[in-house]
Amino acid sequence: MELIAKTGVSKNEKIIDIGSGSSVLIDDLIDDGYSNIIATDISQKAMNNTKNRLSETDLQKVTWIVDDLTQPAELQNFTDISIWHDRAVFHFLTEEKDRETYFKLLNGAVKEGGYVIIATFNLTGANKCSGLPVQRYDEKGIAEFLGDNYELVDFFDFDYIMPNGDNRPYVYTLFRRN
Ligand SMILES: C[S@@+](CC[C@H](N)C(=O)[O-])C[C@H]1O[C@@H](n2cnc3c(N)ncnc32)[C@H](O)[C@@H]1O
């Protein structure tokens, strides 16, 4: 939320949460006044957890898309996005071809002057999550992936403490599209 506020994007501009799952980011964005939110995940079940928390009025502020980032059927139709937010999804893409598909989606969606927030396990982090292999990054690795058209505006490391007490070190990055 700090990085989103830092962008200065207006509350009615389009924000997409990639691999939204059951994250409370959607609730927090609505509480903060954002009204043009796209939540997307491969799992309808995960997103239903979020939907079930929201009032009828708040549900209208979100477009819900079930889609696979690696074989998108609908996500390529989204353009003019002011903020692309991804926490703990990009790092699951361990195949080059899946990262290429992800980049094409992102680059087709984010408008000029728009922002990209990507948070992944950092280089000191675990190499698996939920039993699945992950690709770890620092801010330089994510910058290299996004290329010269995306300028690194801010980044920080963040230790997420899991409910079971385990530490999951993340890197959070904010980029601006030139
Ligand atoms: C670790 S969770 C993170 C959820 C949320 N962003 C958060 O921070 O709590 C990863 C999410 O990515 C979704 N996901 C994994 N692979 C995906 C894919 N190929 N396309 C779309 N979503 C995917 C999962 O269903 C899951 O909800």
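Atoms within each ligand, like the ligands themselves, are counted from 1 in listed order. Both backbone and side-chain heavy atoms feed into the values below; hydrogens, waters and symmetry mates do not.
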Quick one: side chains of residues 143-154, donor-acceptor pairs under 3.5 Å with protein atoms, not counting sequence neighbours, listed by atom name and distance.
unit_1: Y150; atom_1: OH; unit_2: N107; atom_2: OD1; d: 2.5
unit_1: Y150; atom_1: OH; unit_2: R177; atom_2: NH1; d: 3.4
unit_1: D154; atom_1: OD2; unit_2: K6; atom_2: NZ; d: 2.9

Specify the closest pair of heavy atoms between I26 and A39, including all atoms of both residues, with the distance to one decimal. CD1-CB, 3.9 Å
With sequence neighbours excluded, what pairs up with H91 under the ring-ring contact (aromatic ring centres under 6.0 Å, His included) test? F121
Could you list, one pair per line, each nitrogen or oxygen of ligand 1 together with any protein nitrogen or oxygen closer than 3.5 Å, giving atom names and the distance rounded to 0.1 Å?
unit_1: ligand 1; atom_1: 6 (N); unit_2: G19; atom_2: O; d: 2.8
unit_1: ligand 1; atom_1: 6 (N); unit_2: R87; atom_2: O; d: 2.9
unit_1: ligand 1; atom_1: 8 (O); unit_2: R87; atom_2: NH1; d: 2.6
unit_1: ligand 1; atom_1: 9 (O); unit_2: R87; atom_2: NH1; d: 3.3
unit_1: ligand 1; atom_1: 19 (N); unit_2: D68; atom_2: OD1; d: 2.8
unit_1: ligand 1; atom_1: 20 (N); unit_2: L69; atom_2: N; d: 2.9
unit_1: ligand 1; atom_1: 22 (N); unit_2: I42; atom_2: N; d: 3.2
unit_1: ligand 1; atom_1: 25 (O); unit_2: D41; atom_2: OD1; d: 2.6
unit_1: ligand 1; atom_1: 27 (O); unit_2: D41; atom_2: OD1; d: 3.4
unit_1: ligand 1; atom_1: 27 (O); unit_2: D41; atom_2: OD2; d: 2.7

Salt bridge (Lys or Arg N to Asp or Glu O under 4.0 Å) involving E13 - partner list, sequence neighbours excluded: K111
Geometric cation-pi criterion, R99 with F90: 6.0 Å, 45°: no
When you measure from the centre of the six-membered ring of F158, is the NZ or CZ of R168 closer than 6.0 Å and no more than 45° off the axis? no
